[in-house]
Amino acid sequence: LSVEATRGSQIQDDNAASYAPMYATYPAVLGINYKIFAPNEIVVEPPQAHEGHGMFETYICKRCGFTEWFCTDPENIPIGPQYMTEEIDSDGATPYR
């Protein structure tokens, strides 16, 4: 099943599985829980499956199960505490930074 085939599709059957791409991070969406007799609360909405940044692709060996993960657009991943991401120094000469 390809990620492209599942993007934007909705499954109508309540008992069916739901598929969505996996991302490195999702935007933090704040909402307001309005109350009549108490102060309003600011709440964090759950992430939407198709609104992430840094979509992952996997390559899996059918014989042994070895899996490699790759991010398709790492340059577009936002940096900041609201995304739970930070930029670190990666100027090392070896792949083990």
Side-chain angles (χ1 to χ4, degrees):
L1 181 64
S2 79
V3 171
E4 296 301 323
T6 60
R7 187 173 293 151
S9 63
Q10 264 188 326
I11 298 173
Q12 300 299 324
D13 184 5
D14 290 338
N15 296 324
S18 177
Y19 298 95
M22 185 176 202
Y23 292 94
T25 188
Y26 296 87
V29 179
L30 299 178
I32 298 176
N33 186 4
Y34 294 101
K35 296 184 175 187
I36 296 174
F37 298 111
N40 296 333
E41 296 176 334
I42 296 177
V43 295
V44 178
E45 300 291 332
Q48 299 300 311
H50 296 284
E51 295 180 3
H53 302 283
M55 185 169 69
F56 286 118
E57 290 183 348
T58 59
Y59 295 91
I60 304 167
C61 175
K62 290 176 97 175
R63 191 168 13 133
C64 71
F66 177 77
T67 305
E68 290 183 308
W69 288 81
F70 293 95
C71 181
T72 60
D73 56 347
E75 66 279 353
N76 292 324
I77 297 173
I79 306 298
Q82 68 273 27
Y83 298 101
M84 294 186 288
T85 59
E86 64 179 294
E87 193 163 346
I88 59 170
D89 182 17
S90 61
D91 291 333
T94 69
Y96 305 104
R97 322 185 240 289

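Along the sequence shown, residues carry numbers from 1. Both backbone and side-chain heavy atoms feed into the values below; hydrogens, waters and symmetry mates do not.
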4.5 Å side-chain heavy-atom contact, Met22 and Phe56: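 SC-SC contact between Met22 and Phe56 confirmed.
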Flag the pair Cys71 / Met55 as yes when at least one side-chain heavy-atom distance between them is below 4.5 Å, and no otherwise.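 No. Closest side-chain heavy atoms not under 4.5 Å.
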Separation of Tyr23 OH from Glu51 CD (nearest 0.5 Å):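 Here the interatomic distance stands at 9.0 Å.
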Taking only residues at least two apart or on different chains, which pairs with a member in residues 55-71 satisfy side chain to side chain donor-acceptor pair (under 3.5 Å)? Glu57-Tyr59
Side-chain donor-acceptor contacts of residues 76-84 below 3.5 Å, not counting sequence neighbours, with atom names and distances?
none

List in chain and number order the residues that pass salt bridge (charged side-chain N to carboxylate O under 4.0 Å, His left out) with Glu41, two or more places apart in sequence or in another chain; answer none if no residue qualifies. Lys35
